[in-house]
There are 2 protein chains.
Amino acid sequence: MGLAKTEIFTDQQNQIAIFAKAFGHPARVAILQHLFKINACICGDLVDEIGLAQPTISQHLKELKHLGLIKGSVEGTSVCYCISPEKWTQMKTVMTQFLNQDLQDDKQCC
Amino acid sequence: MGLAKTEIFTDQQNQIAIFAKAFGHPARVAILQHLFKINACICGDLVDEIGLAQPTISQHLKELKHLGLIKGSVEGTSVCYCISPEKWTQMKTVMTQFLNQDLQDDKQCC
DNA sequence: GCCTTTAATCGTAATATTGCAATATACAAA
DNA sequence: TTTGTATATTGCAATATTACGATTAAAGGC
């Protein structure tokens, strides 16, 4: 099939999966890390920084932008990308809640 | 292509991507949440709990087990799965470090 | 106007993922 | 030994993802 049956899961479960998928490729991880590091926005030096072709980077940026984790603003001929702090915080809340699940450690069986 | 160029990224970036990919499907999120909730291990009631066919659940379990996030032990005809606390903690460390990146908020440009 | 630069989009190839029916395997109970 | 129960594996179809060359679009500089 290749098609996730999202309708049988809760909104929360789908949300986690959607955010996680965004980090499920090292190029997108690298892009986000670079945006954090540079702080001030950058444009196409991501192509130089990461070793992928321009259309490929552009496609990854599109996904992150579509999710809302980054914002882009046109500056002359180039485009300036940066983290969206609000969305990042929202995502962090969702993911952290999932990651911080704890098990009562006396009931393990394996 | 469909093939991630992992060799051009750092180990840390690839690690984040690999863990994130595990959470990139709601079925795997649901499996992990259920394993946390039940605490004591379960076997095939995951198939009843989640609405997917037995081979599909088995496949998702295999991926999580391969990653090391869950462990399975045979008990008669059934198999008992549970979270691996050590691996979960290790994963949490890697992911939290990534999620907790912060930007000096005075230098935003978009 | 024309040329250059920068980024997005299109088209396409290669590979990965998801899902399940059918089958196999492993164990226990009768 | 046969039968049933639980899980894994195989094989395959549908769809998604990754990557990039070629092209297009938009803005500036001349």
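As the structure is a prediction and not an experimental result, all values here were calculated from the model. Below, chain A is the first sequence line, B the second, and so on; all start at residue 1.
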Solution key, residues 47-59 of chain A side-chain donor-acceptor pairs under 3.5 Å, sequence neighbours excluded:
none

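Residues of residues 13-31 of chain A that place a heavy atom closer than 4.0 Å to DNA chain D, in numerical order, are A:K21, A:H25, A:R28. For DNA chain D, the neighbouring residues in residues 49-59 of chain A, judged by any heavy atom under 4.0 Å, are A:L52, A:A53, A:P55, A:T56, A:Q59.
In this structure B:K87 satisfies the side-chain contact (heavy atoms from CB on, under 4.5 Å) test together with B:F19, B:L69, B:S84, B:Q90, sequence neighbours excluded. Shown here are the side-chain contact (heavy atoms from CB on, under 4.5 Å) partners of B:T6, two or more places apart in sequence or in another chain: B:A4, B:N14. B:Q13 meets the side-chain hydrogen bond (donor to acceptor under 3.5 Å, both in side chains) test with A:Q33, B:T10; sequence neighbours excluded. Residues satisfying the side-chain contact (heavy atoms from CB on, under 4.5 Å) test with A:D11, not counting sequence neighbours, are none. A:F98 meets the ring-ring contact (aromatic ring centres under 6.0 Å, His included) test with B:F23, B:W88; sequence neighbours excluded. Checked against side-chain contact (heavy atoms from CB on, under 4.5 Å), A:T77 has no partners two or more places apart in sequence or in another chain.
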Quick test: give all pairs of protein nitrogen or oxygen and nucleotides 27-30 of chain D nitrogen or oxygen below 3.5 Å, distance rounded to 0.1 Å.
none

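Listed pair B:K5 / D:dC20 meets the phosphate criterion, a side-chain N or O lying under 4.0 Å from OP1 or OP2. Contact check, B:Y81 against D:dA6: no side-chain N or O comes under 4.0 Å of OP1 or OP2.
Between the OG1 atom of B:T89 and the CE atom of B:M91 there is a distance of 8.5 Å, given to the nearest 0.5 Å. Distance check, rounded to the nearest 0.5 Å: CG of B:N100 to NZ of A:K92 gives 4.5 Å. Summarising the geometry, atom CG belonging to A:L35 is positioned 5.0 Å from atom CD1 belonging to A:I83; distances are rounded to the nearest 0.5 Å.
With rounding to whole Å, B:L61 atom CG is found 10 Å from D:dT7 atom P. Whole-Å rounding puts the B:K65 NZ to D:dT7 P distance at 12 Å. Taking atom CG on B:L3 and atom C1' on D:dT17, their separation rounds to 11 Å, with Å as the unit.
Under the 30°/60° scheme for interplanar angles, the aromatic rings of A:F9 and B:H25 are found to stand perpendicular.
With a cutoff of under 4.0 Å to any heavy atom of chain B, the contacted region of DNA chain C is bounded 5' to 3' by C:dA13 to C:dA28.
Sorted by first and then second residue, the pairs that involve residues 55-68 of chain A and meet salt bridge (charged side-chain N to carboxylate O under 4.0 Å, His left out), not counting sequence neighbours, are A:R28-A:E63.
For A:Q101, the CD atom is densely surrounded, since the number of other residues' heavy atoms within 6.0 Å is greater than 12.
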